[in-house]
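As a basis for the values below, the full set of heavy atoms in this structure was taken, side chains included, without hydrogen atoms, waters or symmetry mates. Numbers restart at 1 for each chain; the letters A, B, ... are given by sequence-line order, proteins then strands.
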Amino acid sequence: MLDIELIRERPEEVKAALARRGIEPPLDRVLELDAQRRSLLTEVENLKAERNRASKEIGKMKDAALREERIAAMRALGERIDALDAQVRQANEALHALIIEIPNLPDPSVPDGADEKDNVVVRQVGEPKGFDFEPKPHWELGPALGILDFERGVKITGSRFYVLSGAGARLQRALIAWMLDLHQRQGYLEKYPPFMVRSETLFAAGQLPKFRDNLYKDHEEDLWMVPTAEVPLTGLHMDEILEADTLPRHYTAYTPCFRREKMSAGRDVRGIKRGHQFDKVEMYTFCTPETSDEELQRMLSHAEETCAELGLAYRVIELCTGDLGFNARKTYDLEVWAPGCGEWLEVSSVSNCGDFQARRANARYRPQGGGKPRFLHTLNGSGLGLPRTLIAVLENYQQPEGTVLVPEPLRPWMGGLEVIEPEASL
RNA sequence: GGAGAGGUGCCGGAGUGGACGAACGGGGCGGUCUCGAAAACCGCUGUGGUCCUUGUGGCCACCGUGGGUUCGAAUCCCACCCUCUCCGCCA
């Protein structure tokens, strides 16, 4: 959520920044409602001050007749206050409804662009692996090895669901455990949050109301399945004021993620690249405004380390203004080469959200040496999205005969297993 | 799910219609005292909004949340949420 004060005081700057995203929100309407709201407030608060004064006097009055007269007068005043209060509420709601739909302002350093075609490749680390045979896509490798079962996933749940089996299931678990341990070494505190949250938490993280269509919701209660660990992690410090000397805070969490993927109906239906349920290990940072730029670079390097340790070639993409997510003011994507599918897979997305989410979450900190609380900055980054990392591992480590080597760092979590061979039975 | 108790400031805890933004105690911060510290004493110590003649300023709002009653609500009424205790059920 943008700062209404910023919009009020520097509307042209805000407008220009949003224009870089290629959008033109109704800022004039926002300003109009804001002015209206404030003038109504002044009016009604003056009346309330009058009422408060009069009520105090009435409490002390002895003369019954005078008292009755005064009370009658105040009754009329009360009605005017009620009417004005209703108008204030209306203006407030209208203003709020507009402002919560406006995305974050891009950081000045973000390259201009219309869509993903204008994203910038910052660097590439490692070369896509060469094969002296035709590498297979994971949707052939997996079922052949008996570690990936599409049919039964569809049978028990529906399209875009699958079952991992045997070494496949274990490989995924190994990746999760290994990543969590790695992030812990990188200085992140592990969290195990709820996988269901209240709408308030989704609002704080910027998922509601705009992305309602992409979320799964309980039909009886105000409980929603998390679309990413970013949501519960953002919620961690809702309505809190953290002491400056406890910052920055680095958290990591594993959660499954649930997404309807309505927007991408019919896209990536092959394989496990895009499902309604997937696992992810997330990194998250709460920090002061002064350090969020460097925190972003640090977090990016941590995500890169994850790819590098797995021996996967990757490239770092900086998103252009037109491709930036709703909450983000600057984002890097990490893409890993998948030789079977023949494409660069987005396995991570690392963003600095500035105070955008913190404002929605009312998450603040007390500056060093005291003073008024200020909004925190929040950053999030995938420690790597699981199915896609799994794809990359399977496709990059496949052998001519169809087996798959287990990357060195994962072996301790695989009971020392070095090669995934066909499972005896599904 | 049933029965009961309860949600007040950083913490504990008073407050059942007007003098309560909130007693009292603790904590924290500042000061006095001291070579220094402790003790003692004194003072300060919430958040948001809004207005202006930007100040150790005025006003408004906030006592779980949302409604209601009233000239006036922390206090009365209704609904909901949460916590605790006991019972039941259950991984």
Can you see if the side chain of A:Arg8 gets near the phosphate of B:U50 - specifically, an N or O under 4.0 Å from OP1 or OP2?
yes

For nucleotides B:U8 and B:A23, find the distance between their C1' atoms and express it as a whole number of Å.
12 Å

Say we look at B:G18 and B:G25: how far apart would their C1' atoms be, to the nearest angstrom?
27 Å

Could you state the CG-P distance from A:Asp85 to B:G68, rounded to the nearest angstrom?
10 Å

Separation between the P atoms of B:G43 and B:C24, rounded to whole Å:
11 Å

Show your reasoning for whether side-chain contact (heavy atoms from CB on, under 4.5 Å) applies to A:Cys307 and A:Leu334.
CA-CA 9 Å; A:Cys307 296; A:Leu334 243 53; 3.8 Å; yes

Output the rounded distance in Å from CZ (A:Arg366) to C1' (B:C29).
12 Å

Between A:Ala49 and A:Arg70, who's closer to the 5' end of RNA chain B by nearest nucleotide?
A:Ala49

d(A:Thr389 OG1, A:Asn396 CG) to nearest 0.5 Å is 11.0 Å

Would you list the protein and nucleotides 18-22 of chain B atom pairs, both N or O, that sit under 3.5 Å from each other?
{"residue": "B:G18", "atom": "O6", "partner": "A:Arg67", "partner atom": "NH2", "Å": "2.9"}
{"residue": "B:G18", "atom": "N2", "partner": "A:Ser55", "partner atom": "O", "Å": "2.6"}

Value rounded to 0.5 Å, distance of NE2 in A:His96 from CG in A:Leu33
13.0 Å

Could you point out which residue of A:His250, A:Glu282, A:Arg249, A:His302 forms a side-chain hydrogen bond (donor to acceptor under 3.5 Å, both in side chains) with A:Tyr188?
A:His302

Quickly work out the A:Arg51 CZ to B:U70 P distance and round it to whole Å.
12 Å

Heavy atoms from other residues, nucleotides or ligands near CD of A:Glu24 exceed 12 (cutoff 6.0 Å)
no

Rounded to the Å, how far apart are A:Asn362 CG and B:G49 P?
10 Å

To the nearest angstrom, how far is A:Glu240 atom CD from B:C10 atom C1'?
13 Å

Please state how far atom CD1 in A:Ile241 lies from atom C1' in B:U47, giving the value in whole angstrom units.
7 Å

To the nearest 0.5 Å, how far apart are CZ in A:Arg374 and CZ in A:Arg366?
12.5 Å

Given that both distances must come in under 3.5 Å, which nucleotide forms a Watson-Crick or G-U wobble pair with B:G57?
B:C51

What do you reckon, are the aromatic ring centroids of A:Tyr251 and A:His237 less than 6.0 Å apart?
yes

Could you tell me which nucleotide pairs with B:A23 by Watson-Crick or G-U wobble geometry, both distances under 3.5 Å, or answer none if nothing does?
none

What's the gap between B:G17 and B:G68 when it is taken at their C1' atoms, as a whole Å value?
16 Å

What is the distance, rounded to the nearest whole Å, between atom CG of A:Leu47 and atom P of B:A61?
12 Å

By the Watson-Crick or G-U definition, both distances under 3.5 Å, B:G1 is matched with B:C87

Just how far is it from atom CG of A:Leu98 to atom CG of A:Leu31, taken to the nearest 0.5 Å?
11.0 Å

Using the C1' atoms only, state how far B:A5 lies from B:G64, rounded to an integer number of Å.
16 Å

Under a 4.0 Å N-O cut-off, is there an ion pair linking A:Arg29 with A:Glu32?
yes

For B:C80, which nucleotide is its Watson-Crick or G-U wobble mate, given both distances must be under 3.5 Å?
B:G64

Pairwise C1' distance for B:C20 and B:G13, with rounding to whole Å
16 Å

Which whole number of Å gives the distance between the C1' atom of B:U32 and that of B:A37?
15 Å

Please name all residues satisfying ring-ring contact (aromatic ring centres under 6.0 Å, His included) with A:Tyr365, sequence neighbours left out, ordered by chain then number.
none

Paired to B:G18 by Watson-Crick or G-U wobble criteria (both distances under 3.5 Å) is B:C71

In Watson-Crick or G-U wobble terms, with both distances under 3.5 Å, the base opposite B:C35 is none

Watson-Crick or G-U wobble partner of B:G9, both distances under 3.5 Å:
none

Do NZ/NE/NH1/NH2 and the carboxylate oxygens of A:Lys15 and A:Asp28 come within less than 4.0 Å?
yes

Rounded to whole Å, please give me the gap between CG in A:Asn92 and C1' in B:G49.
10 Å

Nucleotide paired to B:G43 in any strand shown, Watson-Crick or G-U, under 3.5 Å
B:C29

Work out how far the P atom of B:U69 is from that of B:A74, and round it to whole angstrom.
16 Å

Within residues 33-46 of chain A, find the residues that approach RNA chain B with a heavy atom at under 4.0 Å, and present them sorted by residue number.
A:Arg37, A:Arg38, A:Leu41, A:Thr42, A:Glu45

Of A:Arg198 and A:Arg75, whose nearest nucleotide on RNA chain B comes first from the 5' end?
A:Arg75

Would you compute the distance between atom CG of A:Leu40 and atom CZ of A:Arg38 and round it to the nearest 0.5 angstrom?
11.5 Å

Counting only side-chain nitrogens and oxygens, does A:Arg364 get under 4.0 Å of the OP1 or OP2 atom of B:G48?
yes

